[in-house]
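These notes are about the structure you will find just below.
Counting starts at 1 for both ligands and their atoms, in listed order.
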Amino acid sequence: MKRDSFSGRFGIIAAAAGSAIGLGNIWRFPYLCGQNGGAAFVLVYLFCIILIGLPIMLAEFSIGRRAQSNAYRAFRILSPGRPWYLIGVLGIVAAFAILSFYSAVGGWTIEYIFRSISGGISSNPTEQFESFTTDSYLPLLHQFLFLALSLGIVMIGVKKGIERSSKILMPLLLVLLIVLCIRAVTLPGASEGLKFLLKPDFSKLTGDSILLAMGQAFFSLSLGMGCLITYGSYVRRNEDLTSAAGMIAGADTLIALLAGVAIFPAAAAFHIEPDSGPGLVFITLPGMFRQMAGGMIFSTFFFILLCIAALTSAISLLEVVVSFCVEEMHLRRGRATALVAVCVFLPGALCSLSLGIVPGLQLFGKSFFDLMDFTSSNLLLPVGGFFISIYAGWILKKHITVRELTSYGAKKFSCLRVFFFLIRYLVPAAILVVFISGLIRN
Ligand code: PHE
């Protein structure tokens, strides 16, 4: 079967950035940052992106392009008869876990689009958010809509669907965020919020917040679950993987930081606690939109773009499972996509309901939603990342990785030695230390 491929460099950057940039940057990063002390968390997060995230991203791209297949098959091709393909299996489990709560939050963005259009953002956004997310059927309906939209795009296929939707809309999101930042920092009382984001208070940093920052780096860059292995397999041989990875990580981090600059000053101005949890962006920004000239227009645009950013990420999650079903189980693409979406809706509905009408839906003291959110990013993705780093550092022949990173000798990659040091020693050691210290604490 001929594999679809991205058209050129901008294609892969746009598509992988589309996967990376999503609710992770605008919804998850600010709420975690708010709960974990602000600036100190940001610093740890940045370290994790550069020292752990970037090397793993390069490793995933190299494995994918070398093997030219989905994550599961990639390991079977590169190391036949060995259990490394379990990394691919882990990725599929992670994709289901993430999609279940991701689609719930994606549904919230759709609800907020409708609200913005109809002028229905209330003067008490906190109460409004809570009453919506705890409603009996509305969150489910919107979650369903969100999944149906992602399904539609994945069905159309890689090139037309994923690439086209990312190319135009991500730059637009960036521009809008900058406008929102300018508005936020000029609100009266905004400086407290900026201080929270920029002035580190290391006494607030705990072992748990380091684990959360690392998990967020994995989540935000879409690492540790074979997503970028699959995307790497669509990249042509002559494309430069290293500069693409740098740009993707850079764009992803920029968007997350801008989201912080838009949200914390606004939160300070409206006396909303930064540690308000998963509702943070849905509470602070609507408050700000109400005070802006043309706020409803900004609000509509913002939630449309946020929804699209979420869609391009959800698509990449679906794609991991769909490419497995198509290539390993020989299902037709359309059927595979529909099947996966239906299977996601079940745990997804549990996530939505666990916040509202079925509060008893708890495990280990967490709601089902929090449990999926927590375990996927802080357990499944780092475990996947750990094994990917061991695989790329110690198992895959070095000259193969070098060839991929230098585009078959056509490009120079001056950080090769640094890369191998990080992927062999620092990345696996850092993940282990963060994990073991977590185990000891609990
Ligand atoms: N990176 C995406 C985001 O920030 C979420 C995601 C995680 C997508 C893992 C794919 C794989 O929203």
Side-chain angles (χ1 to χ4, degrees), residues 14-33 45 48-49 53-54 56-57 60-61 64 70-71 87-88 90-109 146 150 153-154 162 165-166 169-170 173-174 177 212-232 245 248-260 278 281 305-324 340 344 372-385 388:
S19 164
I21 297 168
L23 295 170
N25 309 58
I26 293 170
W27 160 71
R28 200 167 186 275
F29 173 77
Y31 104 69
L32 285 178
C33 184
Y45 174 72
C48 292
I49 292 279
L54 260 176
I56 295 187
M57 185 184 282
E60 288 202 25
F61 276 158
N70 66 70
I87 297 177
L90 184 79
I92 291 172
V93 176
F96 271 108
I98 296 177
L99 272 169
S100 61
F101 70 89
Y102 207 85
S103 55
V105 184
W108 300 350
T109 64
F146 181 83
S150 337
I153 304 178
V154 174
I162 301 178
S165 42
S166 307
L169 297 158
M170 290 303 107
L173 178 68
L174 182 68
L177 263 182
L212 291 168
M214 183 177 83
Q216 171 63 11
F218 274 96
F219 185 83
S220 193
L221 293 178
S222 310
L223 298 174
M225 49 162 299
C227 184
L228 297 188
I229 295 182
T230 311
Y231 272 27
I248 295 159
D252 187 70
T253 309
L254 180 70
I255 298 264
L257 294 177
L258 286 176
V281 54
L305 288 174
L306 182 57
C307 178
I308 291 168
L311 279 172
T312 54
S313 304
I315 289 164
S316 72
L317 286 159
L318 277 174
E319 181 66 23
V320 171
V321 193
V322 169
S323 63
F324 173 82
V340 174
V344 166
M372 289 292 120
D373 182 352
F374 185 88
T375 41
S376 56
S377 319
N378 303 318
L379 190 71
L380 298 178
L381 301 185
V383 167
I388 289 172

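- With a heavy-atom cut-off of 4.0 Å, Arg28 does not touch ligand 1 at all.
- Between the choices Ala20, Ser313, Gly18, the shortest heavy-atom distance to atom 4 (O) of ligand 1 belongs to Ala20.
- Close approach to Ser220 involves these atoms of ligand 1, each under 4.0 Å from a residue heavy atom: 1 (N), 4 (O).
- The closest approach between Phe218 and ligand 1 stays at or above 4.0 Å for every heavy atom of the residue.
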Chi angles and distances behind the side-chain contact (heavy atoms from CB on, under 4.5 Å) call for Ser19, Tyr231: CA-CA 10 Å; Ser19 164; Tyr231 272 27; 4.1 Å; yes
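- Between Ile229 and Ala71 the shortest heavy-atom distance is CG2-CA, 3.8 Å.
- Distances between N or O atoms of Ser316 and those of ligand 1 include no value under 3.5 Å.
- Among the atoms of Leu23, some N or O lies under 3.5 angstrom from an N or O of ligand 1.
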Worked verdict on Leu223 versus Leu228 for side-chain contact (heavy atoms from CB on, under 4.5 Å): CA-CA 7 Å; Leu223 298 174; Leu228 297 188; 3.7 Å; yes
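- Backbone and side-chain nitrogen or oxygen atoms of Ile98 are examined, and none is located within less than 3.5 angstrom of a nitrogen or oxygen of ligand 1.
- When side chains are defined from C-beta on, Val320 does not count as touching Asn70, because their heavy atoms never get closer than 4.5 Å.
- Of the protein's heavy atoms, Phe219 O, 2.7 Å lies nearest to atom 1 (N) of ligand 1.
- The N/O atoms of Leu381, backbone and side chain alike, include none that comes under 3.5 Å of an N/O atom in ligand 1.
- Shown in contact with Ser19 at under 4.0 Å from a heavy atom are these atoms of ligand 1, numbered in order with element: 1 (N), 2 (C), 8 (C), 10 (C).
- One distance of note links CE of Met372 with CG of Leu380; it measures 8.5 Å at 0.5 Å rounding.
- Polar contact check, Ile21 against ligand 1: no nitrogen or oxygen pair lies under 3.5 Å apart.
- Summarising the geometry, atom CG belonging to Leu221 is positioned 9.0 Å from atom CD belonging to Gln216; distances are rounded to the nearest 0.5 Å.
- Taking the six-membered ring for Trp and thresholds of 30 and 60 degrees, Trp108 and Trp27 have ring planes more than 60 degrees apart, a perpendicular arrangement.
- Some N or O of Tyr102 is nearer than 3.5 Å to an N or O of ligand 1, by distance alone.
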Verdict with reasoning, Ile98 to Met225, per side-chain contact (heavy atoms from CB on, under 4.5 Å): CA-CA 11 Å; Ile98 296 177; Met225 49 162 299; 4.1 Å; yes
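- In the vicinity of Met225, heavy-atom distances shorter than 4.0 Å reach the ligand 1 atoms 9 (C), 11 (C).
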Leu317/Val344 under side-chain contact (heavy atoms from CB on, under 4.5 Å): CA gap, chis, key distance, verdict: CA-CA 11 Å; Leu317 286 159; Val344 166; over 6 Å; no
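- Looking at Ser222 against ligand 1, both its backbone and its side chain come within 4.0 Å, counting heavy atoms.
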